[in-house]
J.: 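Before I ask anything, let me first share the structure, which is written out below as structure tokens.
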Amino acid sequence: MTPVWPTSVGTGIIATVLAGGIAVTALRAGSLSPSGAVAATLVGAVAMMAGRPWGVFLVGWFVVASVASRLGRERKLVHAGDVVEKGAARDAAQVGANGGVFAVAAVVALVWPAQARAAALAAAGALVAAGADTLATEIGTLWRGRPFSLRRWTRVPAGTSGAVSLAGSAGMLVAAAGLAWMATVVGLVPIDALGAVTVAGVAGAATDTIIGAWWQARRWCPACHRETEQRVHRCGASTQPHGGVAELTNDAVNALCTVVGAAVAVFWR
Ligand SMILES: [Zn+2]
């Protein structure tokens, strides 16, 4: 498909309605919050305007990430509800952190067709990195063991940022390869980019883990005497800053993960 700018108003309306329909479905299913549904509609609309492979890849990615987040949600609440910053319904900040770079790449492909190939590589690298990171966390949290903190060099509660487990790391590698493969199957990137996009996904997810271990903002619940990422702990108490860089919230770290994924995919080839 030849991207044309300005895309016809009709295409834009159809793309927005399609993306909005999917977002509302995800909202009803509990995968998106209302603000997340608005953000997802925007990301989805520009993706669909950039071309069918963009839209199909985004929807496929979202289904995989949502299913992973829903699997064993109850068990995860028991295991990680104390630690993780947010619940399963993604809000606008989370959608932006995961899909912002992808959306920017879609706009670049639309307005600058000569750069569409590089934009598609960046988009694939960004989403594969975000997906690999998400699935590593989900699989690692589902696993019944306690992950290992790189910073503290000890075992910590499941869901702690910067902690790794064998199950989570294996899940990350499989997710990176699987999602990169999906990007080639839908035609977003050529088959010979499979390796570069997989490496990009692994690099992005690894960046997320390393920043999460040393620099991500940590908070402390004074009522429970526990470390958490929640601003208001699930016990109801307001938490206090407790190390790390205050600006590096979980969302900021996720966004950095996608930036690294995009950059590696473009420059690896
Ligand atoms: Zn508490």
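Atoms within each ligand, like the ligands themselves, are counted from 1 in listed order.
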J.: By the rule that ILVMFWY residues connect when side-chain heavy atoms come within less than 4.5 angstrom, directly or transitively, which residues belong alongside Leu27?
T.: none
J.: Ring centroids only, cut at 6.0 angstrom: are Phe102 and Trp61 within range, meaning strictly under it?
T.: no
J.: Applying salt bridge (Lys or Arg N to Asp or Glu O under 4.0 Å), which residue pairs with at least one partner in residues 186-213 are found, sequence neighbours left out?
T.: Asp192-Arg269
J.: Within the supplied structure, the quantity of interest is the number of heavy atoms (other residues, nucleotides, ligands) at a distance under 6.0 Å from Trp214 CH2; does it exceed 12?
T.: yes
J.: At a cut-off of 2.8 Å, what protein N/O/S atoms sit near the Zn ion (ligand 1)?
T.: Cys221 SG, Cys224 SG, His233 ND1, Cys235 SG
J.: Hey, what else clusters with Val259 if you join Ile, Leu, Val, Met, Phe, Trp, Tyr whenever side-chain heavy atoms sit under 4.5 Å?
T.: Val101
J.: Can you tell me if Trp220 has over 12 outside heavy atoms packed within less than 6.0 Å of its CH2?
T.: yes
